[in-house]
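One structure is given here, and the rest of the page talks about it.
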Amino acid sequence: MNFPLLTVTAAVPAVGAILTAAVPAARRTAAKWLALLFSLATLALAVLVAIRFEPGGDRYQLTESRPWIADFGVRYELGVDGIGVVLIGLTALLIPFVIAAGWHDADPLETSSKRWRPTQGFFALILMVEAMVIISFEATDVFLFYIFFEAMLIPMYFLIGGFGDRAHSGSDENAAAQRSYAAVKFLLYNLVGGLIMLAAVIGLYVVAGNFSLQEITAARAAGTLDMATNTERLLFLGFFFAFAVKAPLWPLHTWLPNAMGESTAPVAVLITAVVDKVGTFAMLRFCLGLFPDASKWATPVILVLALVSIVYGALVAVGQRDIKRLVAYASISHFGFIILGIFAMTSQGQSGATLYMVNHGLSTAALMLVAGFLISRRGSRLIADYGGVQKVAPVLAGTFLIGGLATLSLPGLAPFVSEFLVLVGTFARYPVVGIIATIGIVLAALYTLVLYQRTMTGPVKEEVRTMPDLRLREVLVVAPLVALLIGLGVYPKVLTDIVNPAVEHTMSDVKQTDPQPEVAVEAKNGEEAK
């Protein structure tokens, strides 16, 4: 029997969560180090998954399959393609930085109400989210995926509602109310999407007779499974709605600014850089894989919604006064680019969308974590409360600038490659859509540079005059992210070699080929005429 590497990769953070939660209350520091140790062990396993994965091999590798709920046709089936490998790597990479950045975020907090923050619970919940996200990227049984797709809402609810941002402008009671509102809104939006998806999952079983992604896609390719057109479209909509909520796609996005604004900076990174990627990943794996004809049928509407997300998210980000909400709306715009690339139905677009998931995770993590360090020093999330920070904390300002430049996809940094591929792939099939999407690039430059100008340049405000620069722990958190943004911007081939074969399989699922350039077609016709 082969070593169950995928199971172990997901199980290690789950075991770490249980052990961390069991650490005695008085030993908070031991709990932190234990959580960090398990996150690093998970990262090592994710690296091993990437090493053992062969990009030119079978579509799904390192597979595991065991009976689970036999009476209902549910199996414990795992497998990874190139897209799953890079997203597991992203998740495992970011969690140690999330833990290190939030090292003191859940320390006991004395207030007028004598409220204490359970440190062990904070780090245990982060590890539990990691475990559920990783197994979601691995699951090839639709029902198994659905369970963890929904189960991750529970630890996220407690992270948002129970461990809010200390830099809140109101009273303790008002801050608690805002956190509660954000957590409940997050939960309700995603639960509604999940319930609709559950109906679609049951419908899929009725039609296909099993939940196995590989068996269903093979049967569809062989022509032995024939779904009625209306049935396929309804099932597609049930899946897509849940994924669009998680992604989030306009107009189902409104939970994200509240959730990120009221969370600590590390939890905000966990939301948008890790958890939300499950939604866009599932669009590629399940929507296009299970319902190729319905995906093509829905493409025009989805492209319009993606365009609205790009432009709307960027426009609202320009007018934000709250640093964290600005990053949240910028993320909505970026998710619009990812969904645009997926449904452009070109290999460049889908490769760019996958790279965008990774690069957005890195750039958002860098920007949001540095913003969190900044906010913790000043005690305010409002942009107007800052000014001249680069004169008193140059390292902080420099890393903040790099994170911001990555967010606007500056050439030479990793997000540029992915955004370029998305736009090229979109323009090849839908030139008007590609042209409109470039508005998001202009607006991204506006909100990023205005944010930097108002917080980092100009006269030094009295409240930031004594602000300390980044400490060693904080530098160790941000420096690797900056290095990755530069490294992958210069040499993205390390990821594209893994991703491209998986994209080819997805394009085959939807029976699409890349449009031929008009110049090449004309040249070919000319040769034939001769």
Side-chain angles (χ1 to χ4, degrees), residues 57-61 63-65 68-69 72-84 136-147 149 196-244 278-302 339 341-347 349-351 353-354 429 499-514:
D58 295 336
R59 179 173 187 176
Y60 295 105
Q61 300 179 33
T63 55
E64 303 173 30
S65 181
W68 187 22
I69 311 175
F72 296 98
V74 181
R75 296 183 63 82
Y76 178 80
E77 286 189 350
L78 305 179
V80 289
D81 59 2
I83 299 170
S136 296
F137 291 141
E138 297 172 346
T140 56
D141 182 278
V142 177
F143 192 80
L144 178 67
F145 169 82
Y146 171 78
I147 289 175
F149 180 81
I196 293 175
M197 180 183 170
L198 177 60
V201 169
I202 295 170
L204 179 67
Y205 177 75
V206 171
V207 173
N210 64 79
F211 293 107
S212 173
L213 174 67
Q214 296 184 67
E215 290 183 17
I216 295 172
T217 53
R220 296 219 56 173
T224 57
L225 175 61
D226 186 25
M227 290 188 195
T229 299
N230 289 337
T231 299
E232 180 179 351
R233 290 176 179 179
L234 286 173
L235 295 178
F236 167 84
L237 291 174
F239 277 74
F240 181 79
F241 183 84
F243 303 152
V278 178
T280 46
F281 162 81
M283 290 179 189
L284 275 167
R285 171 168 283 190
F286 296 103
C287 286
L288 271 59
L290 295 172
F291 316 110
D293 295 333
S295 297
K296 289 185 283 188
W297 162 75
T299 288
V301 174
I302 295 172
I339 296 170
I342 292 171
F343 285 91
M345 300 295 181
T346 60
S347 59
Q350 292 184 0
S351 293
T354 304
R429 196 178 294 277
V499 167
N500 286 343
V503 168
E504 291 176 6
H505 287 296
T506 304
M507 291 286 289
S508 176
D509 287 339
V510 293
K511 296 181 173 61
Q512 292 278 32
T513 57
D514 291 330

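Nothing here was measured: the structure is a model prediction, and the numbers come from that model.
Contact of the Ile302 side chain with the Met283 side chain is not registered, since no non-hydrogen atoms from C-beta on lie closer than 4.5 Å. Between Arg285 and Ile83 there is no side-chain heavy-atom pair separated by less than 4.5 Å. By the 4.5 Å heavy-atom criterion applied to side chains, Leu290 and Val142 are counted as neighbours. Side-chain contact between Thr506 and Ile342 is absent, with no heavy atoms from C-beta onward closer than 4.5 Å. Side-chain atoms of Glu77 and Leu144, non-hydrogen and from C-beta on, never get closer than 4.5 Å to each other.
The side-chain hydrogen bond (donor to acceptor under 3.5 Å, both in side chains) analysis of residues 234-243, with sequence neighbours excluded, yields no pairs. Listed by first and then second residue, the salt bridge (Lys or Arg N to Asp or Glu O under 4.0 Å) pairs involving residues 501-512 are Arg59-Asp509 (not counting sequence neighbours). Sorted pairs that involve residues 196-208 and meet salt bridge (Lys or Arg N to Asp or Glu O under 4.0 Å), not counting sequence neighbours, are lacking altogether. Annotation: salt bridge (Lys or Arg N to Asp or Glu O under 4.0 Å) contacts involving residues 214-240, sequence neighbours excluded, comprise Arg220-Glu232, Arg220-Asp293.
The two residues Gly82 and Val499 make their nearest non-hydrogen contact at O-CG2, 4.5 Å. Across all non-hydrogen atoms, the minimal contact from Val278 to Ser136 is CG1-CB, 4.2 Å. In terms of heavy-atom proximity, Asp81 sits nearest to Tyr60 at N-CD2, 4.1 Å. Contact record, Val510 with Lys296: O-NZ, 3.0 Å, taken as the closest heavy-atom pair. Looking at every heavy atom in both residues, Ser295 comes nearest to Cys287 through OG-O, 3.0 Å. Between Ser351 and Asn500, the shortest heavy-atom distance links the atoms OG-OD1, 2.8 Å.
With sequence neighbours excluded, no residue satisfies side-chain hydrogen bond (donor to acceptor under 3.5 Å, both in side chains) with Thr217. In terms of the salt bridge (Lys or Arg N to Asp or Glu O under 4.0 Å) criterion, Glu138 has no residue partners (sequence neighbours excluded). For Phe240, the ring pair (Phe, Tyr, Trp, His ring centres under 6.0 Å) partners at least two apart in sequence or on another chain are Phe236, Phe343. For Thr231, the side-chain contact (heavy atoms from CB on, under 4.5 Å) criterion is met by Val207, Ala228, Leu235, not counting sequence neighbours. Residues forming a ring pair (Phe, Tyr, Trp, His ring centres under 6.0 Å) with Phe211 (at least two apart in sequence, or on another chain): Phe143, Tyr205. With sequence neighbours left out, the salt bridge (Lys or Arg N to Asp or Glu O under 4.0 Å) criterion links Asp141 to no other residue. With sequence neighbours excluded, the residues forming a ring pair (Phe, Tyr, Trp, His ring centres under 6.0 Å) with Phe149 are Phe145, Phe243, listed by chain and number.
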For residues 197-204, which side-chain N or O atoms pair as donor and acceptor with protein atoms under 3.5 Å away, sequence neighbours left out?
none

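Separating the CZ atom in Phe281 from the CZ atom in Phe286 is a distance of 6.0 Å, to the nearest 0.5 Å. Annotation: the span from Met507 atom CE to Leu288 atom CG amounts to 9.5 Å, rounded to 0.5 Å. To the nearest 0.5 Å, atom CZ of residue Arg75 and atom OG of residue Ser65 are 3.5 Å apart.
Side chain of Arg429 to main chain of Met345: a donor-acceptor pair is present (N/O by atom type, distance under 3.5 Å, no hydrogens or angles).
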